[in-house]
S.K.: 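Below you will find the structure I want to go over with you.
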Number of protein chains: 2
Amino acid sequence: MSATHLNVPVPVPADGDCAIRDICEFVGNKWSVLVVILLGQRVYRFNELHRSIEGISQRMLTLTLRKLARDGLVTRTPYATVPPRVDYQLTDLGRTLLEPLTALNTWAETHQSVIRAARRHHDATETPSGS
Amino acid sequence: MSATHLNVPVPVPADGDCAIRDICEFVGNKWSVLVVILLGQRVYRFNELHRSIEGISQRMLTLTLRKLARDGLVTRTPYATVPPRVDYQLTDLGRTLLEPLTALNTWAETHQSVIRAARRHHDATETPSGS
DNA sequence: CGGTATCCACCGGGATACTG
DNA sequence: CAGTATCCCGGTGGATACCG
């Protein structure tokens, strides 16, 4: 064994001293994850991202990009052209995040059918239609 | 290239056919992650978990455990003793999740100081107190 | 094009009280 | 001990309108 043991302080503290809680704040925002993944492929412009992520609103894309920039994961590069243009790309730091994200994505792809089966089974078993 | 490229459909679909969106639903719930991590160490009883995760309410712990059980990640084992007792533990499937979660946690631990520095720098730079 | 500002609906989730 | 039920508040995030 080795990688299957996470050393997390118990009790898990509520404050900011817990790395895993910190990352959950980030991953919790599904938009952040999607943006990082897309930017992992290439540089994107604002509206490219907007079109590439189904269901995200302009507002959420803005907020997400701002947060990612604040955390030093992406850079924002505006050009004083007309029409205006802004490029977004991952920083070196942001790129390092792709690896654990890939691991997670691989896990999701590998096991999603099993999970859905478990879910269906559970629903069929534990939620009898009373009548 | 190799592990730094995620193959995600673009545009990222809004429906359930996207594994990464599925996993975000899960990881989005910080409680789920914490519970899985704790159960990665050993079997827990309900109130042990409750005490071990600062800030979680009884309600959220219940909901979280239910969802994890539904997805086939944990098992619930009640004993007909008095006082009653319920054990929770990871399934084999749940245990496989520990590895990607570990990767993520390692990343968080490794880079959290850099991120916080970036954040402070950004706040100090971009949010000047106007005067 | 790439945003910002405002309004508002929804629901995640805490607090509390009660039960098997 | 291990929950369930109810109430209710606040933040998340969509829709819309406007700006440089």
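Lettering follows sequence order; numbering is per chain, from 1.
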S.K.: Work out how much the helix from dC1(C)-dG20(D) to dG20(C)-dC1(D) bends between its end axes, five pairs an end, to the nearest 10 degrees.
M.R.: 50°
S.K.: Quick one: does any side-chain atom of R21(A) pair with a main-chain N or O of P13(A) as donor and acceptor, under 3.5 Å?
M.R.: yes
S.K.: Distance check needed: dA2(D) P versus L65(B) CG, whole Å only.
M.R.: 11 Å
S.K.: How many whole angstroms separate atom CG of N29(B) from atom P of dT12(D)?
M.R.: 15 Å
S.K.: Under 4.0 Å, heavy atom to any atom of DNA chain D: which of residues 44-62 of chain B qualify?
M.R.: R45(B), F46(B), N47(B), Q58(B), R59(B), T62(B)
S.K.: State whether the side chain of S52(A) and the backbone N or O of V10(B) hold a donor-acceptor pair below 3.5 Å, judged by distance alone.
M.R.: no
S.K.: Test your reading of the model: is there a side-chain donor-acceptor pair from R76(A) to the backbone of A69(A), 3.5 Å cut-off?
M.R.: no
S.K.: Determine whether L61(B) and F46(B) satisfy the following criterion, side chain to side chain contact (heavy atoms under 4.5 Å, CB included), listing intermediate values before the conclusion.
M.R.: CA-CA 8 Å; L61(B) 181 54; F46(B) 185 86; 3.8 Å; yes
S.K.: Please figure out whether R66(A) or P84(A) has its closest DNA chain C nucleotide nearer the 5' end.
M.R.: P84(A)
S.K.: Determine whether a donor-acceptor pair (N or O, by modelled atom type, separation under 3.5 Å) exists between the side chain of T125(B) and the backbone of H122(B).
M.R.: no
S.K.: Measure from CZ on R76(A) to P on dT4(C) and round the result to the nearest Å.
M.R.: 7 Å
S.K.: Mind checking what makes side chain to side chain contact (heavy atoms under 4.5 Å, CB included) contact with T77(B), not counting sequence neighbours?
M.R.: T75(B), Y79(B), D87(B), Q89(B)
S.K.: Of the candidate nucleotides dG14(D), dA2(D), dG20(C), which contains the atom at the shortest distance from the side chain of W31(A)?
M.R.: dG14(D)
S.K.: Measure from NZ on K30(B) to C1' on dG14(C) and round the result to the nearest Å.
M.R.: 11 Å
S.K.: If you apply the rule side chain to side chain contact (heavy atoms under 4.5 Å, CB included), what do you find for V86(B) with R45(B), and how did you get there?
M.R.: CA-CA 6 Å; V86(B) 182; R45(B) 299 176 56 177; over 6 Å; no
S.K.: For Y88(B), answer base if it contacts any base atom (sugar-phosphate contacts may also be present), sugar-phosphate if it contacts only those atoms, and nothing otherwise; contact means non-hydrogen atoms under 4.0 Å.
M.R.: sugar-phosphate
S.K.: Side-chain contact, heavy-atom cut-off 4.5 Å: L101(A) with L104(B)?
M.R.: yes
